[in-house]
Protein chains: 2
Amino acid sequence: MVRLARFSADAFLAAAVAIVAESGPSAATMGAIARRSGAPTGSIYHRFESRAALLATAWTGIHGAFVEAVAPSLRAGDALRAALAITGWARGDADAARFLLLNESGALFDGAPLPDPLRAEIRRQEEELDAAFQACLAAARDRAAARMERQDGGKPPDGIRVGVDEAAARARFLVFDGPIALLRPYLLAGTEIPGHVDRMIAEMHGAVPVAPALAAVH
Amino acid sequence: MVRLARFSADAFLAAAVAIVAESGPSAATMGAIARRSGAPTGSIYHRFESRAALLATAWTGIHGAFVEAVAPSLRAGDALRAALAITGWARGDADAARFLLLNESGALFDGAPLPDPLRAEIRRQEEELDAAFQACLAAARDRAAARMERQDGGKPPDGIRVGVDEAAARARFLVFDGPIALLRPYLLAGTEIPGHVDRMIAEMHGAVPVAPALAAVH
DNA sequence: ATGCATATAGAATGGCCGTTCTAGAACACG
DNA sequence: CGTGTTCTAGAACGGCCATTCTATATGCAT
């Protein structure tokens, strides 16, 4: 019922993502987003209640795609495949990867008031990713226990005995922080991601155990 | 000759570093720095010609300490010791490490006009660090060549044949990006840096070669 | 046709921030 | 004991930005 919109929410989101990817979050002013969309600034407020809501919506869409790319491998207990899914996803959508990278530290919507459904979706994504990660961690722990049982009666193998916190930190690095650190230079430079990034990830996974002897701690 | 200053340049720098470490770069407004120092905003401009100059000076001081902590090990060709020097330095000055981390992407003084001596010092530090890094890379290459000669007549060992770009990228990750990625969660959370961070760095250096068969490429 | 809800269009508002300006104070030196 | 220079002190200025407001257009439902 009534006047049809010339500017869609998606158009504003796309403009915001492009600006952030090109020039960083602080360049994504309402004026810049409007200019890039060919719209007046006021029209943005017919779709989003604030700049924070707009950017958070953009973040949520991109982060959702990220989670969908990574979570299945995690749920399958395959940490290496999950790590490689990150590089694959980044290769497929460089702008999105750059956007996510530049908004890592939560500087985007720190304490800003967001619409409730958006907050709920953000939490849902975070919980889904965390649950998948925990599943992967549990699988690694089980494998470590089985390996230990096979090798000898009770003493841990040549790996180091680690606690749960350490195992989680190790897994986080192997799956997320390490691959992201490998991608960062290329994402920031805007150049293609070379194949040896994947090779290094594979080497790391082969050499650095997630849970070397976690079963001993249980 | 004349009135003695109540507020030193160092006081403003310390205030700026503390604010950035606590609340991020955008919180370090001239007003906030002045308030934290107990000075009027105008007084800051008797020491620094602009906000960019102030923050860049703070960055340069911290980065200089970082370089001094890391470069000697690099010049000695010891990549592992260099990587561990980063964690050691971060443990010794958490605020400084946080400051550096939060200003990685050069968002601090992007195209801002800076006094020439400051620019020169920044460039000098960057060149010193890069030279040390290149020395470390060259040492790794020499060791790889020697290892190859010892093992067999001409074919590369079980390592992967890599080019110069890849060797540099590998070394960068082993020395800088990897350790920093391991530190990031603890720096951002403001919690103590656990010992297993160093253990993982050592594992990585043991397992992921900087220049596996670089000599074959020369 | 005529309402009327919803859009465009862009000017106006108010706040924050970096920077500058005005006034006055302190101190080394002649 | 001025005098000049460098400081404190904080108000004032100008720009940018998010947000709101006013005026006008559009097109479906009646």
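In what follows, every chain begins at residue 1, and chains take the letters A, B, ... in the order their sequences are listed. Predicted model only: the values in this text are computed from it and were never measured.
Taking atom CD1 on I44(A) and atom P on dT19(D), their separation rounds to 10 Å, with Å as the unit. Distance CG (L54(A)) to C1' (dT19(D)): 14 Å, rounded to an integer number of Å. One can place CD1 of I33(A) at 10 Å from P of dT19(D), the figure rounded to the nearest angstrom. M30(B) has its CE atom 19 Å from the P atom of dG14(D), to the nearest Å. Across the protein-nucleic acid pair, R35(A) atom CZ and dC16(D) atom P stand 11 Å apart, rounded to whole Å. With rounding to whole Å, F48(B) atom CZ is found 16 Å from dT19(C) atom C1'.
Residue side chain R3(B) does not reach the base of dC27(C) through any donor-acceptor N/O pair under 3.5 Å, judged by distance alone. Judged by distance alone with a 3.5 Å cut-off, no donor-acceptor contact links the side chain of R51(A) to the base of dA18(D).
Looking only at distances, no side-chain donor or acceptor of R51(B) sits under 3.5 Å from a matching main-chain atom of M30(B).
The structure places CZ of R98(B) at 12.5 Å from CG of D93(B), a figure rounded to the nearest 0.5 Å. For the atom pair CG of L13(A) and CD1 of I44(A), the computed distance is 10.0 Å after rounding to the nearest 0.5 Å. Rounded to the nearest 0.5 angstrom, T29(A) OG1 and R35(A) CZ are separated by 6.0 Å.
The two residues A94(A) and L187(A) make their nearest non-hydrogen contact at O-CD2, 4.5 Å. Closest approach of A207(A) to A207(B), counting heavy atoms only: CB-CB, 2.8 Å.
Using a 30° and 60° split on the angle between ring planes, F66(A) and F176(A) fall in the tilted class, from 30° to 60°.
Applying the salt bridge (charged side-chain N to carboxylate O under 4.0 Å, His left out) criterion to D78(B), with sequence neighbours excluded, gives no partner residue. By the salt bridge (charged side-chain N to carboxylate O under 4.0 Å, His left out) test, R124(A) pairs with E121(A), E128(A), sequence neighbours left out. Under the salt bridge (charged side-chain N to carboxylate O under 4.0 Å, His left out) criterion, R36(B) pairs with E22(B), not counting sequence neighbours.
With axes fitted over five pairs at each extremity, the angle between the ends of the helix from dA1(C)-dT30(D) to dG30(C)-dC1(D) is 10° (10° resolution).
The stretch residues 5-29 of chain B touches DNA chain D through A5(B), R6(B), F7(B), each having a heavy atom within less than 4.0 Å of the strand.
Donor-acceptor pairing under 3.5 Å is recorded for the side chains of H63(B) and Q125(B).
Of all nucleotides listed (dC7(D), dT8(C), dA18(D)), dA18(D) comes nearest to the side chain of Y45(A). Considering only side-chain atoms of H46(B), the nucleotide from dG18(C), dC7(D), dT6(C) that sits closest is dC7(D).
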Can you give me the N/O atom pairs linking the protein to nucleotides 10-13 of chain D at distances under 3.5 Å, or say none if there are none?
none

